[in-house]
Each structure stands twice: as C-alpha cells, then as structure tokens.
Amino acid sequence: MAEEGGTMPVLGNSAAVVFGGGSGIGAETARALARAGARVTVAGPDEAELRAVADETGGDWTVVDATDQSRVKTFFNGLDTVDICVYASGVGAFAPVLATDLDTWRRLMAVNVEGALSVIQAAAGVMLRGDRPGSIVTITSINAEQPVRGMAAYSASKAALISLTQVAALELAPAGIRVNAVTPGVTETAMLAPVLADPQVRQEFVARTPAGRIGAPADIAHAVVFCCSPESYWVNGQVIHVDGGLHLCGSPSGFGPPEMWRRDGLLRQSEQSPATTG
C-alpha cells in the first residue's frame with residue numbers, strides 16, 4: 001500500500017515478528033513497524049495484550065512463551081516468510097549480588113537470554129530456507145554496560161544478550177542476515193513504573209539524562225524501524241544507544257537506600273543470602 005504522496009512504505013510489506021509485542025517497547029515497535037508498511041505478527045505470553053495490539057495494527061498474534069524452545073521453533077516453522085524479527089521480551093528484578101537466589105537468576109537468564117537465542121535461531125532458519133536477507137533486532141538495556149547496584153541478574157542477562165547479538169551478527173552476515181541491538185535508557189514502561197512512581201527518583205533520572213526527560217517506548221521503536229529498513233543495510237552487529245545521552249554520564253549510585261550499600265548493610269545481605277542460609 002502506498003503512503004500519502006505516492007511513495008512506498010519504508011518496509012515495503014515485509015513480514016515482521018515481534019516477540020514481547022503485547023506491551024511496552026514491544027507493542028510500540030509493532031505499531032511503528034506496521035506504520036512503516038510491515039505485516040506484523042506479535043508473540044508473547046499474554047493473549048489479551050497480543051489481541052489488542054494485533055487489532056490495532058491489523059496484524060496477527062500468537063501466544064508463545066519464548067523460553068519454550070520447541071514451541072518457538074514450531075511457531076516460526078509455521079510462517080511462510082520472515083524478513084524482520086524483534087526480540088523485545090524481557091523481565092527484570094531488584095537482585096543485589098549478595099541477595100540473588102538462583103531461581104531469580106535463572107528466570108532472568110531464561111527470558112532475557114535463552115529466549116532470545118531460541119528466537120534468533122528459529123527466525124534465522126526461516127530466513128535461510130527462504131534464501132532471503134533479513135534483520136533481527138534485540139532490545140537490551142543501558143544496564144548491560146552501566147553497572148548499577150541492585151541489578152546483578154538483570155545487568156548480567158542484558159550483557160549476555162549483547163554478546164549473543166554480536167556473535168549472531170558475525171555468523172549470519174554471509175547470508176545477508178543482520179543482527180543489531182537497540183539499547184534503551186530509562187523508559188516509561190510497566191517494568192519501570194514502580195521505580196519512576198517516586199518523584200525524587202524520576203527527577204534524578206531526568207537530571208542525569210542530557211536530553212532532560214524520561215524516554216518513551218516510541219523513541220526506541222523508531223530506532224528499531226531504522227535497523228529493519230533498507231537504509232541500514234550496512235549496519236550490523238551494532239549496539240545502538242537510544243537513551244537521550246544517558247550512557248555518556250557514568251553509572252548511577254544504584255537502587256535501594258544508601259545504607260544498603262555500606263558495610264553493615266552488605267553484611268546483612270550476606271547473612272540472609274541463599275548461599276549462607278541454605
């Protein structure tokens with residue numbers, strides 16, 4: 001379908017899949033891809049959210065848990081073509097090093113890293129069998145590169161996702177499949193809503209961000225569309241910061257009360273940790 005003025009949409013009726021497309025950055029990315037001309041399928045765990053986004057974008061939806069590798073493979077094998085795949089699924093947790101239990105660690109690794117691996121594998125398989133180029137984009141986090149107190153499992157999982165993205169970019173490039181990471185800063189999402197509800201914390205993030213505001217999901221979605229468009233054909237293996245310049249400003253002090261990070265607070269965490277109480 002031509003846009004106003006007779007020009008073709010930038011994505012030219014490409015087939016796109018957005019994992020985690022039911023809410024937040026994933027949902028906004030699905031909307032942006034649809035506006036750019038893509039035929040979008042949103043996938044994720046919540047049927048009601050997926051239905052709502054699919055109705056809005058005129059696309060399809062499928063309930064798929066990204067951590068179920070067999071189900072992910074079956075889903076992709078049922079698609080005729082995949083030109084674009086975005087992995088926006090993710091979970092977070094306040095989990096300091098000394099107080100992180102393995103269940104929390106494994107849950108974050110399962111969704112943020114293992115799910116991404118399964119989706120990249122399956123999406124690339126469809127692209128390879130169709131003998132067509134493609135674009136895969138992962139949504140990482142500024143916390144992958146800026147260590148923050150209280151975010152051990154989350155930061156580690158997102159750092160692993162960046163590494164996975166870059167290795168995939170190296171390996172898939174000969175087939176014309178590009179893999180890039182978009183790295184949001186502090187963004188208005190349900191995951192961060194409890195944190196940003198504190199006016200003092202919100203103001204601190206605004207003050208630390210050179211652009212002077214909290215990010216919106218649309219800010220991230222625009223960068224994803226660029227990574228999926230023909231204009232980015234020479235962009236591969238990149239980590240694209242979309243954070244208003246926040247990554248230039250060094251690491252914040254961290255979450256939690258200041259006393260938590262003093263010796264007595266650390267000792268209490270250690271004494272209560274699974275490693276010492278089990």
Side-chain angles (χ1 to χ4, degrees), residues 11-23 25-27 29-34 36-91 107 109-140 160-161 164-182 224-225 227-230 236-237:
L11 296 181
N13 204 35
S14 300
V17 175
V18 181
F19 258 78
S23 63
I25 291 170
T29 295
R31 297 181 189 105
L33 290 169
R39 294 175 285 111
V40 182
T41 298
V42 289
D46 190 302
E47 179 177 334
E49 289 181 344
L50 296 171
R51 278 181 179 273
V53 175
D55 287 346
E56 185 178 347
T57 60
D60 296 320
W61 61 274
T62 302
V63 174
V64 188
D65 184 344
T67 65
D68 185 340
Q69 188 175 48
S70 176
R71 178 73 180 92
V72 169
K73 185 175 181 180
T74 298
F75 162 67
F76 273 100
N77 285 344
L79 301 175
D80 293 330
T81 58
V82 176
D83 301 299
I84 293 164
C85 181
V86 180
Y87 191 77
S89 296
V91 292
R107 172 61 178 161
M109 290 295 172
V111 177
N112 296 348
V113 187
E114 294 169 18
L117 173 63
S118 295
V119 169
I120 290 170
Q121 289 174 330
V126 178
M127 294 172 183
L128 289 166
R129 288 191 293 275
D131 192 21
R132 55 198 295 155
S135 175
I136 299 173
V137 182
T138 62
I139 306 298
T140 63
L161 180 56
L164 170 63
T165 299
Q166 292 178 322
V167 173
L170 275 172
E171 294 182 357
L172 298 175
I177 300 171
R178 299 179 298 107
V179 191
N180 292 288
V182 171
V224 175
V225 171
C227 288
C228 299
S229 72
N236 191 32

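This one's a predicted model, so the numbers in the text were calculated from it and none came from an experiment.
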Undergrad: Applying side-chain hydrogen bond (donor to acceptor under 3.5 Å, both in side chains), name anything that partners T41, two or more places apart in sequence or on another chain.
TA: none

Undergrad: How many angstroms lie between OG in S118 and CZ in F76, if you round to the nearest 0.5 Å?
TA: 10.0 Å

Undergrad: Which residues satisfy the side chain to side chain contact (heavy atoms under 4.5 Å, CB included) test with L50, sequence neighbours excluded?
TA: V42, W61, V63

Undergrad: Show every salt bridge (Lys or Arg N to Asp or Glu O under 4.0 Å) that has at least one partner inside residues 63-91, sequence neighbours left out.
TA: D83-R132

Undergrad: Which residues pass the salt bridge (charged side-chain N to carboxylate O under 4.0 Å, His left out) test with R31, not counting sequence neighbours?
TA: E28, E56

Undergrad: For a quick test of reading the model, state the closest non-hydrogen atom pair linking G26 to V18 and the distance between them.
TA: O-CG1, 3.5 Å

Undergrad: Nearest 0.5 Å, please: how far is CZ in R39 from CD1 in I84?
TA: 10.0 Å

Undergrad: What is the distance from atom CG of N236 to atom OG of S135, rounded to the nearest 0.5 Å?
TA: 8.5 Å

Undergrad: Quick one: side chain to side chain contact (heavy atoms under 4.5 Å, CB included) partners of A160, sequence neighbours excluded?
TA: V113

Undergrad: Side chains of I136 and M127: does their closest heavy-atom pair fall under 4.5 Å?
TA: yes

Undergrad: What heavy-atom pair brings A27 and G22 nearest, and what distance separates the two atoms?
TA: CB-C, 3.8 Å

Undergrad: Indicate the atoms forming the closest heavy-atom contact of A181 with T165, along with that distance.
TA: N-CG2, 3.8 Å

Undergrad: In chain order, what residues pass the side chain to side chain contact (heavy atoms under 4.5 Å, CB included) check against L128, with sequence neighbours excluded?
TA: A175, I177

Undergrad: Measuring from T29:OG1 to Y87:OH, what's the distance to the nearest 0.5 Å?
TA: 14.0 Å

Undergrad: Return the minimal non-hydrogen interatomic distance between A34 and V40, and the atom names on each side.
TA: N-CG2, 3.8 Å

Undergrad: For A110, give me all partners under side chain to side chain contact (heavy atoms under 4.5 Å, CB included), at least two apart in sequence or on another chain.
TA: T67, E114

Undergrad: Taking atom CD1 of I139 and atom CD1 of I25, what is their separation to the nearest 0.5 Å?
TA: 6.0 Å

Undergrad: Looking only at heavy atoms, what is the nearest atom pair of A38 and L11, with distance?
TA: CB-CD1, 3.9 Å

Undergrad: For residues 41-55, which residue pairs pass the salt bridge (Lys or Arg N to Asp or Glu O under 4.0 Å) check, not counting sequence neighbours?
TA: E47-R51

Undergrad: For S23, give me all partners under side-chain hydrogen bond (donor to acceptor under 3.5 Å, both in side chains), at least two apart in sequence or on another chain.
TA: none

Undergrad: For G90 and N112, which heavy atoms make the closest approach, and how far apart are they?
TA: CA-OD1, 3.1 Å

Undergrad: side-chain hydrogen bond (donor to acceptor under 3.5 Å, both in side chains) with Q121: which residues, sequence neighbours excluded?
TA: Q69

Undergrad: If we only count heavy atoms from C-beta on, is the V86 to L33 side-chain gap below 4.5 Å?
TA: yes

Undergrad: With sequence neighbours left out, what residues match S89 under side-chain hydrogen bond (donor to acceptor under 3.5 Å, both in side chains)?
TA: none

Undergrad: Would you find a donor on one side and an acceptor on the other, under 3.5 Å apart, between the side chain of R178 and the backbone of C227?
TA: yes

Undergrad: Is there a side-chain contact between V64 and T74, using heavy atoms and a 4.5 Å cut-off?
TA: no

